[in-house]
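Keep in mind it's a predicted model, so treat the numbers as computed, not measured.
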Amino acid sequence: LIGAEAIIRTLVAGGVDTCFVNPGTTEIHLVAVLDRLTETRCILALFEGVITGAADGYARMAEKPAWTLLHLGPGFANGLANLHNASRAQIPMINVVGQHATYHIRRDTPLTADIEGLARPYSKWLRTICSAAEAGFDVAEAICASQRMPGNIATLIVPSDVSWSEGGAVATIPASTKAPRPATETVERIAGLLRSGVKTAILLGGNTLYGKGLQAAGQVAQATGAKLLAPYPLTRLERGAGTPDVERVHYILEAAKEQLKEFRQMILVGTVAPVAYFAYPNKDSTLTGPECAIHTLAGVGEDCAGAMQDLVEALPMPVNPQHAVANIVQRRPMPSGKITTAGLADAISALMPENTIVVDESMTSGRELMPSTKLAPRHDWLGNTGGAIGIAMPLALGAAVACPERQVLCLSADGSGMYTVQALWTMARESLRIVTVIFANRVYGVLKREFSFLGTGPIGPRAADMFDICRPDLDWVMLARGMGVPASRVTSLEEFSNALINAFQSGGPSLIEVLL
Ligand SMILES: Cc1ncc(C[n+]2csc(CCOP(=O)(O)OP(=O)(O)O)c2C)c(N)n1
């Protein structure tokens, strides 16, 4: 086999069969192999930031890696902001980045770049493949590394002569090592703390925010009355009627401090103690109160869902009915009249189908969304984990590829949406079931707010001009239609509800621009 075929066949053998791609000359041999091997689904995107965000969304929902195929240093660098977000999401991902032929690199041609240097900060595992003979083994190792708890980014750099040379073989994927579970003493110590009657919060991370891990967390909360919390940077939270109540830590420093001040102990599971996103002059960025003791049940690399199950066993049951899970769906009533962010949230609560995957980058327009949908039919909520904006549409794209049977609802602010707007084209091309809602407030609202928080005085016209994204106004309907996505603009809550009903019924991609 040539190296390119060994790489792709090994990926397929490891169950990594979905590729988000934007190729160039150095990847043509890989593309030629993909042309023949139909086991891989290849999805073209017209910007690498869409690719890395889509691979993240795919992994969050499929719970296995997708691979990206990227062109040299510049192609890889275009994907870095969403790779940063992915590295914070702790999901598995495999990047395959083309490189010049080994003997060509020293000629320092225009596209030559230090790809390893670019990749290192965001790759838990990184290797340049040296020969076709080693290609399969390197891929097998990358697959293993990506799936080690809690999920990692593995980057393979593939010189084009490795791709085209003979001598490759498909490698067997080594059995992945199981993540360690916390020691029995740790579980018992935490169980003791939970029995103490002190006001307790459990901050959940990783796989304790959905599925079996969340169920176990719910049992612990029901038995002990502990409050379940999720960090503000949210990879994936399962919520809605029938799921344990998990409150997200607020974004705004003062609101988060207020929310957390009642707790005297916080138990961490697969995450770290909450801190503010930014520092502000004369403000402490710790979010928990001074009397709150921090304890860890399981660290980031441990089997968190398993740890939760161990904790359930270590605690006295039965369940206290006072802390029972709310099982009945309670949608908000259909709103009407002038557009407000609360009304939009209520319409979404009233209309979202069961099992929707909500991708949320609604920024300042989304404050009411989580409260309104708290008891909507069961759904998953995906957020921005690394704070680099421009993730919503790529994440939605990847989630829809992973779960074609589910409705995806992509909620994006307009400024954030413009970073990776090319995702719309791929949504149309792949006929994905994604409804994108654009909150068009025509401003970088967060930054205006931050300006006031930082106490720099009133915003002058030159500063305001760096935050206003009107002049000219963006036309999202034209942008979407230009990329093949049906779109409409709404100016009242009735229009929004009708557009949402039609969009959900269409079964394909569509976009609704909401003028705020
Ligand atoms: C990659 C990246 N560039 C810049 C920023 C800084 N930033 C934070 S919020 C924001 C603007 C957000 O505006 P928009 O998405 O329209 O939402 P709004 O605040 O208006 O609700 C910017 C530019 C960032 N977080 N990430």
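- Nearest heavy atom pair, residue Thr420 against residue Pro394, reads OG1-CD, 3.4 Å.
- Nearest heavy atoms, Val325 versus Pro244: CG2-CA, 3.9 Å.
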Verify side-chain contact (heavy atoms from CB on, under 4.5 Å) between Ile294 and Met266, making sure each step is shown before the conclusion.
CA-CA 5 Å; Ile294 307 280; Met266 177 175 279; 4.0 Å; yes

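- Taken from OH in Tyr251 to CG in Leu253, the straight-line distance is 10.0 Å, to the nearest 0.5 Å.
- Side-chain contact check for Thr296 versus Ile267: every heavy-atom pair is 4.5 Å or farther apart.
- Counting only distance, with no hydrogens or angles, the side chain of Ser416 and the backbone of Ser412 share no donor-acceptor pair below 3.5 Å.
- Considering only heavy atoms from C-beta on, Val401 comes within 4.5 Å of Phe20 through its side chain.
- Side chains of Pro353 and His379 form no contact here, defined as non-hydrogen atoms less than 4.5 Å apart.
- Ion pairing between Lys227 and Glu247 holds under the 4.0 Å rule for side-chain N and carboxylate O.
- Salt-bridge annotation for Glu430 and Arg41: present, with a side-chain N of the basic residue lying under 4.0 Å from a carboxylate O of the acidic one.
- One distance of note links CH2 of Trp476 with CD of Glu513; it measures 8.0 Å at 0.5 Å rounding.
- In this structure, the separation between CZ on Phe439 and CG on Leu344 is 5.5 Å, given to the nearest 0.5 Å.
- Within the 3.5 Å criterion, the main-chain N or O of Arg433 finds a donor-acceptor partner in the side chain of Gln407.
- Using a cutoff of 4.0 Å between basic side-chain nitrogens and carboxylate oxygens, Lys374 and Asp245 are scored as salt-bridged.
- Using a 4.5 Å cut-off on side-chain heavy atoms (C-beta onward), Met308 and Leu214 make no contact.
- Ion pairing between a basic and an acidic side chain is recognised when a charged N comes within 4.0 Å of a carboxylate O; Asp475 and Arg489 show such pairing.
- More than 12 heavy atoms of other residues, nucleotides or ligands sit less than 6.0 Å from atom CE of Met334.
- Under the 3.5 Å distance criterion, the side-chain polar atoms of His84 are matched with a main-chain donor or acceptor of Gly386.
- Between the Ser349 side chain and the Arg332 main chain, a donor and an acceptor come within less than 3.5 Å of each other.
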Could you check Leu511 against Arg481 for side-chain contact (heavy atoms from CB on, under 4.5 Å), going step by step and ending with a plain yes or no?
CA-CA 9 Å; Leu511 180 141; Arg481 286 187 188 153; over 6 Å; no

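- Glu361 contributes a side-chain N or O that, together with a main-chain N or O of Gly390, makes up a donor-acceptor pair within less than 3.5 Å.
- Under a 3.5 Å cut-off, the side chain of Asn384 and the backbone N or O of Gly387 do form a donor-acceptor pair.
- The shortest heavy-atom contact between Ala480 and Ala487 is CB-CB, 3.7 Å.
- Between Trp381 and the options Thr235, Asp360, Thr373, Thr356, a side chain to side chain donor-acceptor pair (under 3.5 Å) holds for only Asp360.
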Could you give me the CA-CA distance, side-chain angles and deciding distance for Lys212 and Gln309, then say whether side-chain contact (heavy atoms from CB on, under 4.5 Å) is met?
CA-CA 8 Å; Lys212 286 196 177 118; Gln309 272 146 18; 3.5 Å; yes

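- Classification of Glu258 and Lys261 as a salt-bridged pair holds, one side-chain N sitting under 4.0 Å from a carboxylate O.
- Under a 3.5 Å cut-off, the side chain of Thr243 and the backbone N or O of Gly240 do form a donor-acceptor pair.
- For CZ of Arg181, the number of neighbouring non-hydrogen atoms (other residues, nucleotides, ligands) closer than 6.0 Å is greater than 12.
- Across all non-hydrogen atoms, the minimal contact from Arg88 to Thr385 is CB-O, 3.5 Å.
- When each of Thr208, Leu229, Leu209 is tested with Val246 by the rule side-chain contact (heavy atoms from CB on, under 4.5 Å), just one qualifies, namely Leu209.
- The pair Asp346-Arg331 does not meet the salt-bridge criterion, since no charged nitrogen lies less than 4.0 angstrom from a carboxylate oxygen.
- When all heavy atoms of Met61 and Ala399 are compared, the closest pair comes out as CG-CB, 3.8 Å.
- Between Asp380 atom CG and Leu409 atom CG the span is 12.5 Å, to the nearest 0.5 Å.
- In plain terms, the two heavy atoms of Leu516 and Ser365 that are nearest each other are CD1-OG, 3.3 Å.
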How far apart are the C-alpha atoms of Phe496 and Ile348, what are their side-chain angles, what is the distance that settles it, and do they pass the side-chain contact (heavy atoms from CB on, under 4.5 Å) test?
CA-CA 9 Å; Phe496 178 63; Ile348 287 166; 4.1 Å; yes

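- The backbone N or O of Pro92 sits nowhere less than 3.5 Å from a side-chain atom of Asn152 that would complete a donor-acceptor pair.
- Once rounded to the nearest 0.5 Å, the distance linking OG1 of Thr68 with CD1 of Ile43 reads 12.5 Å.
- Here Leu315 contributes atom CG and Gln222 contributes atom CD; the two are 12.5 Å apart, rounded to the nearest 0.5 Å.
- One N or O on the side chain of Arg378 and one on the backbone of Gly242 form a donor-acceptor pair closer than 3.5 Å.
- Between Asp414 and Ile469, the closest side-chain pair of non-hydrogen atoms falls below 4.5 Å.
- Sorted by first then second residue, the side-chain hydrogen bond (donor to acceptor under 3.5 Å, both in side chains) pairs that include residues 44-58, not counting sequence neighbours, are Thr18-Tyr58, Glu48-Asn78, Asp56-Arg60.
- Residues Val300 and Thr271 are not in side-chain contact: their nearest non-hydrogen atoms beyond the backbone lie 4.5 Å or more apart.
- Residues Leu369 and Ser362 have side chains in contact (heavy-atom distance under 4.5 Å, counting atoms from C-beta outward).
- Judged purely by atom type and a 3.5 angstrom limit, Ser196 has no side-chain atom pairing as donor or acceptor with the backbone of Leu194.
- Listed by first and then second residue, the side-chain hydrogen bond (donor to acceptor under 3.5 Å, both in side chains) pairs that reach into residues 494-511 are Thr491-Glu495, sequence neighbours excluded.
- Side-chain atoms of Ser488 and Val477, non-hydrogen and from C-beta on, never get closer than 4.5 Å to each other.
- Judged as a side-chain hydrogen bond (donor to acceptor under 3.5 Å, both in side chains), the pairs with a partner in residues 448-460 (not counting sequence neighbours) are, in order, Tyr280-Glu450, Lys448-Asp468.
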